[in-house]
Protein chains: 2
Amino acid sequence: MPADTATSAKFTPRQSAVLAEALRLLVEGGDKALTTSGLARAANCSKESLYKWFGDRDGLLAAMISFQQSKVRTADRSGERLSTDALREHLEIFARDLLEVLAGDVSLALNRLAIGQSSRDGSKLGKMLLEHGRREIDRRARALIDTGKRSGLLRFHDADEAYHTFYGLVVSDLHVRMLLGESGLKDNGRQAQKAVEAFLLLHGTNKDTVEAVRASSAR
Amino acid sequence: MPADTATSAKFTPRQSAVLAEALRLLVEGGDKALTTSGLARAANCSKESLYKWFGDRDGLLAAMISFQQSKVRTADRSGERLSTDALREHLEIFARDLLEVLAGDVSLALNRLAIGQSSRDGSKLGKMLLEHGRREIDRRARALIDTGKRSGLLRFHDADEAYHTFYGLVVSDLHVRMLLGESGLKDNGRQAQKAVEAFLLLHGTNKDTVEAVRASSAR
DNA sequence: GAAGAACCGTACCGTACGGTACCTATTCCG
DNA sequence: CGGAATAGGTACCGTACGGTACGGTTCTTC
């Protein structure tokens, strides 16, 4: 993550610094620890400024999500055709990145926050998280899957379905478990590898790959 | 779900009624709506009784989880050998049940509650939910999978891994999306069907089944 | 039928939060 | 240089919650 260049056009540097501090408080203490007074104290700003900038507490939370997402940029360097090995490599990298993102402190804290609020604000934060937060990573995955199909390495009749299958294979119930407080995996790489193997078996076209994977999965 | 017979030995009928009312409040308004005063008013009991029975608010929440789980009983009628079709049938039923449970009002509300608290109570509620809430359904799934293997219909080298694969195929990111406020699927049955197809392709042994499914998945 | 426990309803206390008002200091700009 | 805008510091208000205390009421039990 870049250090300070994350000054999205939406926020002044000062506001960004305050939002970063707000995220820090949220991560270390949960939403209970994120009070307007506490944030003002920790960020050396006044409550009045907070209310001027963000309206109210909900506005602050929304700004935090928006701010955090402005820092997430996914390198999407899979443009043209791919070899079998390259596809597998890209899928594995994607899976590892996905697991890493989901297990991140800030991601978990924001998801917990949105989930906690979802019952009383009409899921406003949840919608933000889903629509803006995952758009980037979804797009990257879809591009990868589409490229795989165009290269004749994958076959499916619904890209969305294929993506959800892949997501499920990679994440399983890990995300919810981590949200509930469990620690993550010891080895994301291995999980990514297995998920990709299974996914290629389900949707790959390369017979050698399929057979090889099949044999190994039955080992 | 049985109406009133759910009087676990741990709670008196009166306490059970109060806990049921607490769950109702939680479902309809989130944790913010579940105040001790509000519960006392809604359940026609006194706050003093609440504190006498459950200790403090956290004790009440824990009791709610325990109470709800005492109502969930999974019929586990898969004892002996299975045919291919019977296995598929059982897997589909399980998958549908799983999706239905996860999408249930009370389940979602309790998971939201536990996730919201996880950052400030050392994940006590989260642990309860994972260890006691899922034990039943996990056991049922594992029994099913083991039976499949003993019947020569499934192959894998790690039952846990196979179960997680199946879980991922069935649920994907649906659970988190619903926790964030999205509505569930229109058709759980179809999702269950597709997940079972994929799972059998990955871990089934029946060649006919495998080929048939393979063909259909590439349709 | 009386003693006693369990329980209800309510009133109360301390606290902590969201939000507002007011005043001061710094910076920006003509 | 001077006035306006911006932002920090602080004190304050209303509210609502968790938790406690107490008097009155119902239910049990002998």
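So that the names make sense, note that chain A is the first sequence line, chain B the second, and so on, each numbered from 1.
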As a test of reading the structure: which of dG19(D), dG18(C), dG8(D) is closest to the side chain of Ser46(A), going by heavy atoms?
dG8(D)
Tyr51(A), nearest nucleotide to its side chain (from dG18(C), dC8(C), dG18(D))
dG18(C)
Rounded to whole Å, CG of Leu39(B) lies from P of dG18(D) at a distance of 10 Å
Can you confirm whether the side chains of Arg112(A) and Ser118(B) place a donor and an acceptor under 3.5 Å from each other?
yes
From CG of Leu34(A) over to C1' of dG18(C), roughly how many Å is that when rounded to an integer?
12 Å
So CH2 of Trp53(A) and CZ of Phe11(A): to nearest 0.5 Å the spacing works out to 11.5 Å
Closest nucleotide among dC7(C), dG8(D), dG19(C) to the Asp56(A) side chain
dG19(C)
Of Ala43(B) and Lys47(B), whose nearest nucleotide on DNA chain C comes first from the 5' end?
Ala43(B)
Check every atom of dC7(C), dG18(D), dG8(D) against the side chain of Thr36(B) and return the nucleotide holding the closest atom.
dG18(D)
For Ser70(A) and Lys10(A), what are the C-alpha separation, side-chain angles and deciding distance, and is it a side-chain hydrogen bond (donor to acceptor under 3.5 Å, both in side chains)?
CA-CA 9 Å; Ser70(A) 72; Lys10(A) 299 182 61 166; over 6 Å; no
If you find the nucleotide of DNA chain C closest to Lys32(A) and the one closest to Gly55(A), which residue's nucleotide is nearer the 5' end?
Lys32(A)
Which whole-number value in Å describes the distance from Leu50(A) CG to dT10(D) C1'?
14 Å
Of all the heavy-atom pairs spanning Ala114(A) and Gly126(A), show the shortest one and how long it is.
CB-N, 4.0 Å
Given atom CG of Asn44(A) and atom C1' of dT6(D), what is their separation to the nearest angstrom?
17 Å
dG9(C), dA6(C), dG18(C): which one has an atom nearest the side-chain heavy atoms of Lys52(B)?
dA6(C)
Nearest-neighbour nucleotide for the Cys45(A) side chain, dG8(D), dG18(C), dG18(D) considered
dG8(D)
Between Ser119(B) and Gly30(A) the two heavy atoms that sit nearest each other are OG-CA, 3.5 Å
Is any side-chain N of the basic residue among Glu100(B) and Arg96(B) closer than 4.0 Å to the acidic one's carboxylate O?
no
Should Arg41(B) be listed as having a side-chain N or O under 4.0 Å from OP1 or OP2 of dC8(C)?
no
Regarding the side chain of Trp53(B), the nearest nucleotide among dT20(D), dC7(C), dG8(D) is dC7(C)
Which one, dG19(D), dG8(D), dG9(C), comes nearest to the side chain of Arg14(A)?
dG8(D)
Just how far, in rounded Å, is P of dC17(C) from CZ of Arg120(B)?
11 Å
Parallel, tilted or perpendicular: which fits the ring planes of His203(A) and Phe199(A), with parallel below 30° and perpendicular above 60°?
tilted
Send over the distance from Phe54(A) CZ to dT20(C) C1', rounded to a whole Å.
18 Å
Distance-only donor-acceptor check, side chains Asp138(A) and Tyr163(A), under 3.5 Å
yes
How long is the line joining CZ of Arg57(A) and P of dT20(C), in whole Å?
15 Å
With respect to the phosphate group of dC8(C), does any side-chain polar atom (N or O) of Ser49(B) fall under 4.0 Å of OP1 or OP2?
yes
What's touching nucleotides 25-29 of chain D from the protein side, N or O pairs under 3.5 Å?
none

